[in-house]
Amino acid sequence: MKLRIAPSPTGSLHIGNARTALFNWLYAKANGGTFVVRIDDTDMERSTEEHQKNILENLQWLGLDWDEGVDVGGEHGDYRQSSRFERYREVAHQLVEKSFAYEDDGAIRFKVPKDQTINFKDFVRGDMSFDTSDVEDFVILRSDNSPTYHLASTVDDVDYGITIIARGEDILSSTPKHILIMEALGADLPNFCHLPLLFGPDGKKLSKRHGDTSVKAFRDKGILNDAMFNYLCLLGWSPGDDVELFDREFAISKFDFNKVLPNSAIFDEKKLLWLNGQYIRSTAYDKFLKDALIKVEENLNRALFPEENERLNKILPSVQERVETMNDLQAQVLFLLDEPFLINQEEWDTVNSEEAQKYLNNIRKKFIDLEDFNLENIELLMRTALEELEIKTKVGFQSTRVAITGTKISPPLFESIFALGKETCIARLTESIEKLTN
RNA sequence: GGCCCCGUCGUCCAGAGGCCUAGGACGCUGGGUUUUCAACCCAGAAACGCCGGUUCGAAUCCGGUCGGGGCUGCCA
């Protein structure tokens, strides 16, 4: 059993292609089959080395590996169609010799027999039947001597011994053409499986106009590969029993093409984000910490200073609980970085009051005298101040939050203060009080 | 236009004739918890496109219709 994914390097890895690759991979893994990755770069105009690299990289990022194909090798060369043009030309001319095709203004066209029925079984859609009278003669070799997709893809599938062709439904209508070529070549027919397409929120085939739909774009947004893998599995398939969070191994153990739905699915970023949050929270803290620090440095475009590192180490456990993507980190920890400290004036106005100012002055003095600046003492100090001044928790705490972090939204207050450290905390209070009381 | 595919809450999925006054999840609304935001917990609104047929019985089978989508390229 051999399956394949054959992306064209005319763009970076698209989510739809990633999902198709994923299902092929799952089926191969589930059944001990061979998974092949080859590159369909017959479109010389638009194919680039860079796109190819991006595609392979992102397949790997998703956790997909392949037994045969580009980069890993195998019996069929480098698995790039651009390396096999001679082979396709040979086949095209062979087909002309055998009268299956004919020359047409310099190109070679496949001669489609009329009034014939093409039958094949589709793993997702059942028995399919097409009338060849509805299929027009199609070009297999262009006048510039380059093969078209129909020719190259079919020849490769035959030459490489692909036994299950699972691809997007957009190619369903082209399948009779491919079968016709295979029959002309005297090849055994593989099984087919046309997977439902992924749509954008507008119900149209997911494409560039729905924004950036590349896997890389989501990766850049701070989506975890495990979450992306999991989410993609859920589009058109489910392992049953209402299970929605699972890993690769579990998916493999449950996957089958005949459980894949035939109808297209809309890519819903909201659910992906939720799933991502679930994965972030269930990540082992050590790994989260490591990834988080890298991410912050990336966003900052510089290395972290030692004291910043120390502060982040203190706050990150709380942050892990409240981010949806790795990119959300930045906003949560910004106040701990050696970057300009800015207070959101509008937010301050909503928490500012005479009481608040009294409170800030009071805890500032107390902090200066506090010897052991630990979590427990910070909380005790702040609560004591509330009682002494008879100020409501919310009034005292929210104004402190804005005074220290600059905004009303931050990680838990005591943790934030503790992470920031005594000196900086006092400095912030001083600065805020000065700036905000007049 | 022609050919083809598809049709369960807004979205993803469960449902393979009686277990369905249709279940789960995201999102949404309300409530709880709370020093903010999250997280978490509870509750709620929300769907079998429509019409026929088969059957004792249909979301499930068949036909039609309507709706959506794909292909119709010397793109893939």
Side-chain angles (χ1 to χ4, degrees), chain A residues 6-11 17 40-43 45-47 81 104-109 122 124-125 128-131 133-136 138-153 167-177 194 196-197 199 201-205 231 233-245 258-259 261-275 277-278 280-281 318-324 328 331-332 347 351 379 382-383 386 392-402 405 407-414 416:
Chain A
S8 332
T10 54
N17 273 124
D40 279 15
D41 55 350
T42 49
D43 184 346
E45 292 284 305
R46 298 188 300 148
S47 296
Q81 295 190 330
D104 174 31
D105 291 340
I108 292 180
R109 225 172 249 283
D122 190 292
V124 171
R125 278 152 232 284
M128 303 301 314
S129 167
F130 286 84
D131 188 333
S133 301
D134 295 320
V135 183
E136 305 203 347
F138 55 97
V139 171
I140 53 177
L141 196 71
R142 301 186 187 100
S143 47
D144 68 356
N145 241 349
S146 67
T148 61
Y149 161 76
H150 298 304
L151 208 225
S153 176
R167 72 238 291 203
E169 195 207 316
D170 49 346
I171 304 176
L172 182 57
S173 313
S174 296
T175 302
K177 294 176 184 170
H194 289 94
L197 260 23
F199 285 173
D202 62 351
K204 300 265 201 293
K205 195 165 117 177
Y231 179 68
C233 283
L234 259 16
L235 297 177
W237 177 75
S238 91
D241 299 324
D242 292 331
V243 177
E244 297 209 296
L245 271 90
N258 64 27
K259 293 286 285 179
L261 258 31
N263 47 303
S264 44
I266 290 173
F267 186 87
D268 177 17
E269 197 172 336
K270 289 251 180 61
K271 187 153 183 176
L272 170 62
L273 288 173
W274 168 79
L275 243 183
Q278 297 294 311
I280 286 180
R281 263 161 254 126
S318 303
V319 174
Q320 183 175 15
E321 300 302 316
R322 35 183 49 72
V323 289
E324 218 165 35
D328 296 343
Q332 291 270 330
E347 291 187 3
V351 295
E379 175 163 6
M382 291 186 68
R383 290 200 188 280
L386 285 180
K392 280 187 185 142
T393 311
K394 195 163 185 171
V395 172
F397 287 4
Q398 272 305 76
S399 55
T400 307
R401 188 187 306 280
V402 177
T405 71
T407 86
K408 281 163 76 173
I409 297 171
S410 82
L413 190 54
F414 308 135
S416 296

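Chain letters run A, B, ... following the sequence lines, proteins first and then strands; every chain starts at 1. In this text the structure is predicted, and so the values were computed from the model without any measurement.
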Peer 1: Counting the atoms with a prime plus P, OP1 and OP2 as sugar-phosphate, which does A:Ser173 contact under 4.0 Å by heavy atoms, base, sugar-phosphate, or nothing?
Peer 2: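 Here A:Ser173 touches the bases of the nucleic acid.
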
Peer 1: Can you see whether A:Thr42 engages A:Arg142 through a side-chain donor-acceptor pair at a distance of less than 3.5 angstrom?
Peer 2: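 There is no such pair (donor and acceptor under 3.5 Å, judged by atom type) between the side chains of A:Thr42 and A:Arg142.
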
Peer 1: Measure from CG on A:Leu197 to C1' on B:C71 and round the result to the nearest Å.
Peer 2: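 Atom-to-atom, A:Leu197 to B:C71, this comes out as 11 Å.
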
Peer 1: Quick check on B:C74: is either OP1 or OP2 less than 4.0 Å from any side-chain nitrogen or oxygen of A:Arg109?
Peer 2: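 So the side-chain polar atoms of A:Arg109 do come within 4.0 Å of the phosphate oxygens OP1 or OP2 of B:C74, strictly under.
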
Peer 1: Could you tell me whether the phosphate oxygens of B:A38, OP1 or OP2, come under 4.0 Å of any side-chain nitrogen or oxygen in A:Gln278?
Peer 2: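 For B:A38, OP1/OP2 do not have a side-chain N/O of A:Gln278 under 4.0 Å.
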
Peer 1: Looking at B:G15, I'd like to know if its phosphate oxygens (OP1 or OP2) sit under 4.0 Å from a side-chain N or O belonging to A:Lys259.
Peer 2: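 The answer is yes; a side-chain N or O of A:Lys259 sits under 4.0 Å from OP1 or OP2.
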
Peer 1: Which nucleotide, B:G15, B:C6, B:A25, lies nearest any side-chain atom of A:Lys271?
Peer 2: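 Given the options B:G15, B:C6, B:A25, the side chain of A:Lys271 is closest to B:A25.
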
Peer 1: Which part of the nucleic acid, if any, lies within reach of A:Ser8 when heavy atoms closer than 4.0 Å are counted: base, sugar-phosphate only, or nothing?
Peer 2: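 Counting heavy atoms under 4.0 Å across all strands, the contact made by A:Ser8 is with sugar-phosphate only.
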
Peer 1: Please give the distance between the P atoms of B:C48 and B:G73 as a whole number of Å.
Peer 2: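 Taking atom P in both B:C48 and B:G73, they lie 39 Å apart.
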
Peer 1: Please classify the nucleic acid contact of A:Gly240 as base, sugar-phosphate, or nothing, using heavy-atom distances under 4.0 Å.
Peer 2: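 Nothing, no nucleic acid heavy atom in range.
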
Peer 1: Roughly how far apart, to the nearest Å, are B:C20 and B:C75 at atom C1'?
Peer 2: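 Each nucleotide's C1' atom is 47 Å from the other's.
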
Peer 1: Could you tell me whether the side chain of A:Glu347 and the main chain of A:Thr407 form a donor-acceptor pair under 3.5 Å?
Peer 2: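 No; judged by distance alone, with no hydrogens or angles, the pair does not exist.
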
Peer 1: Please report the distance separating the C1' of B:A58 from the corresponding atom of B:C51, rounded so that it comes out in whole Å.
Peer 2: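 The answer is 15 Å between these two C1' atoms.
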
Peer 1: Mind checking if A:Lys408 touches a base, just sugar-phosphate, or nothing, with heavy atoms under 4.0 Å?
Peer 2: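 Answer is base: heavy atoms of A:Lys408 come under 4.0 Å of a base.
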
Peer 1: Please name the residue in the list A:Val139, A:Thr148, A:Leu141, A:Asn145 that meets the side-chain contact (heavy atoms from CB on, under 4.5 Å) test with A:Ile108.
Peer 2: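 Single side-chain contact (heavy atoms from CB on, under 4.5 Å) partner of A:Ile108 among A:Val139, A:Thr148, A:Leu141, A:Asn145: A:Leu141.
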
Peer 1: Base, sugar-phosphate, or nothing: which does A:Asn263 touch, judged by heavy atoms less than 4.0 Å apart?
Peer 2: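 Answer is sugar-phosphate: A:Asn263 comes under 4.0 Å of backbone atoms only.
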
Peer 1: Considering only the C1' atoms, how many Å lie between B:A39 and B:C4, rounded to the nearest integer?
Peer 2: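 Approximately 48 Å lies between the C1' atom of B:A39 and that of B:C4.
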
Peer 1: Could you check whether atom CD of A:Glu321 has more than 12 heavy atoms from other residues, nucleotides or ligands sitting under 6.0 Å from it?
Peer 2: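 Counting other residues, nucleotides and ligands, CD of A:Glu321 exceeds 12 neighbours.
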
Peer 1: Identify whether any heavy atom of A:Tyr231 sits under 4.0 Å from a base atom; if not, whether one sits that close to sugar-phosphate; answer base, sugar-phosphate or nothing.
Peer 2: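 Here A:Tyr231 touches no strand at all.
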
Peer 1: Nearest to the side chain of A:Gln332, which nucleotide is it out of B:C40, B:C37, B:G2?
Peer 2: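 Closest nucleotide to the A:Gln332 side chain: B:C37.
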
Peer 1: Between A:Arg401 and A:Thr405, is there a side-chain donor-acceptor contact under 3.5 Å, judged purely by atom types and distance?
Peer 2: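 Looking only at side-chain atoms, A:Arg401 and A:Thr405 do not form any donor-acceptor pair under 3.5 Å.
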
Peer 1: Any idea which of B:G27, B:C13, B:A76 is nearest the A:Arg142 side chain?
Peer 2: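 Shortest atom-to-atom distance from the side chain points to B:A76.
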
Peer 1: Look at the side chain of A:Ser143 against the base of B:C74 and say whether a donor-acceptor pair falls under 3.5 Å; ignore hydrogens and angles.
Peer 2: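 Answer yes: a donor N or O sits under 3.5 Å from an acceptor.
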
Peer 1: Compare side-chain N and O positions of A:Lys205 against OP1 and OP2 of B:C71 and report whether any pair is under 4.0 Å apart.
Peer 2: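 It does, given that an N or O in the side chain of A:Lys205 lies less than 4.0 Å from OP1 or OP2 of B:C71.
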
Peer 1: Which whole number of Å gives the distance between the C1' atom of B:U55 and that of B:C9?
Peer 2: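 Taking atom C1' in both B:U55 and B:C9, they lie 29 Å apart.
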
Peer 1: Taking the minimum atom-to-atom distance to the side chain of A:Trp274, which one of B:C26, B:G69, B:A76 wins?
Peer 2: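 Closest of the options to the side chain of A:Trp274: B:C26.
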
Peer 1: Just to be sure I understand the rule, does A:Arg401 reach a base, reach only the sugar-phosphate, or reach nothing, if contact means heavy atoms closer than 4.0 Å?
Peer 2: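 Touches a base.
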
Peer 1: Looking only at atom C1', what distance separates B:A76 and B:G70, rounded to whole Å?
Peer 2: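 The same atom, C1', in both gives a distance of 14 Å.
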
Peer 1: Treating A:Asp122 as the side-chain partner and A:His194 as the backbone partner, does any N or O pair qualify as donor plus acceptor under 3.5 Å?
Peer 2: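 Flag set: sc A:Asp122 to bb A:His194 pair under 3.5 Å.
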
Peer 1: Is A:Arg46 salt-bridged to A:Asp43, going by a charged N under 4.0 Å from an acidic O?
Peer 2: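 A:Asp43 and A:Arg46: salt-bridged.
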
Peer 1: Would you indicate what A:Met382 reaches in the nucleic acid, counting non-hydrogen atoms under 4.0 angstrom: base, sugar-phosphate, or nothing?
Peer 2: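 A:Met382: no heavy atom of the nucleic acid under 4.0 Å.
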
Peer 1: If we take the P atom in both B:A25 and B:C66, what is their distance in whole Å?
Peer 2: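 It works out to 38 Å between them.
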
Peer 1: Have a look at A:Ala107 and say if it touches a base, only the backbone sugar-phosphate, or nothing, with a 4.0 Å heavy-atom cut-off.
Peer 2: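 Base contact.
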
Peer 1: Starting at the 5' end of RNA chain B, which residue's closest nucleotide do you reach first, A:Ser174 or A:Trp237?
Peer 2: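 Comparing both residues, the 5'-ward one is A:Trp237.
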
Peer 1: Please classify the nucleic acid contact of A:Leu413 as base, sugar-phosphate, or nothing, using heavy-atom distances under 4.0 Å.
Peer 2: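 Counting heavy atoms under 4.0 Å across all strands, the contact made by A:Leu413 includes a base.
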
Peer 1: Select base, sugar-phosphate, or nothing to describe what A:Asp144 touches, counting heavy atoms under 4.0 Å on all strands.
Peer 2: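 It contacts nothing in the nucleic acid.
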
Peer 1: Categorize A:His194 for me: base, sugar-phosphate, or nothing, with a 4.0 angstrom heavy-atom threshold over every strand shown.
Peer 2: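 It contacts nothing in the nucleic acid.
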
Peer 1: Take atom CG of A:Asp134 and atom P of B:G1, then tell me their distance rounded to the nearest Å.
Peer 2: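 The answer, rounded to whole Å, is 16 Å.
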
Peer 1: If you assign each of A:Phe414 and A:Gln81 to its closest nucleotide in RNA chain B, which residue comes earlier from the 5' end?
Peer 2: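 Between the two, 5'-proximity favours A:Phe414.
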
Peer 1: Once you apply a heavy-atom cut-off of 4.0 Å, does A:Pro412 come out as touching a base, just sugar-phosphate, or nothing?
Peer 2: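 Base contact - A:Pro412 has a heavy atom under 4.0 Å of at least one base atom.
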
Peer 1: Ignoring hydrogens and geometry beyond distance, is the side chain of A:Arg125 in donor-acceptor contact with the base of B:C5 at under 3.5 Å?
Peer 2: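 In this structure, the two groups form no donor-acceptor pair.
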
Peer 1: B:G44 and B:U36: how far apart are their P atoms, nearest whole angstrom?
Peer 2: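 Going atom to atom, P in each nucleotide, I get 27 Å.
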
Peer 1: With a non-hydrogen cut-off below 4.0 angstrom, is A:Thr42 in contact with a base, only sugar-phosphate, or nothing?
Peer 2: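 Since only primed, P, OP1 and OP2 atoms lie under 4.0 Å of A:Thr42, the category is sugar-phosphate.
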
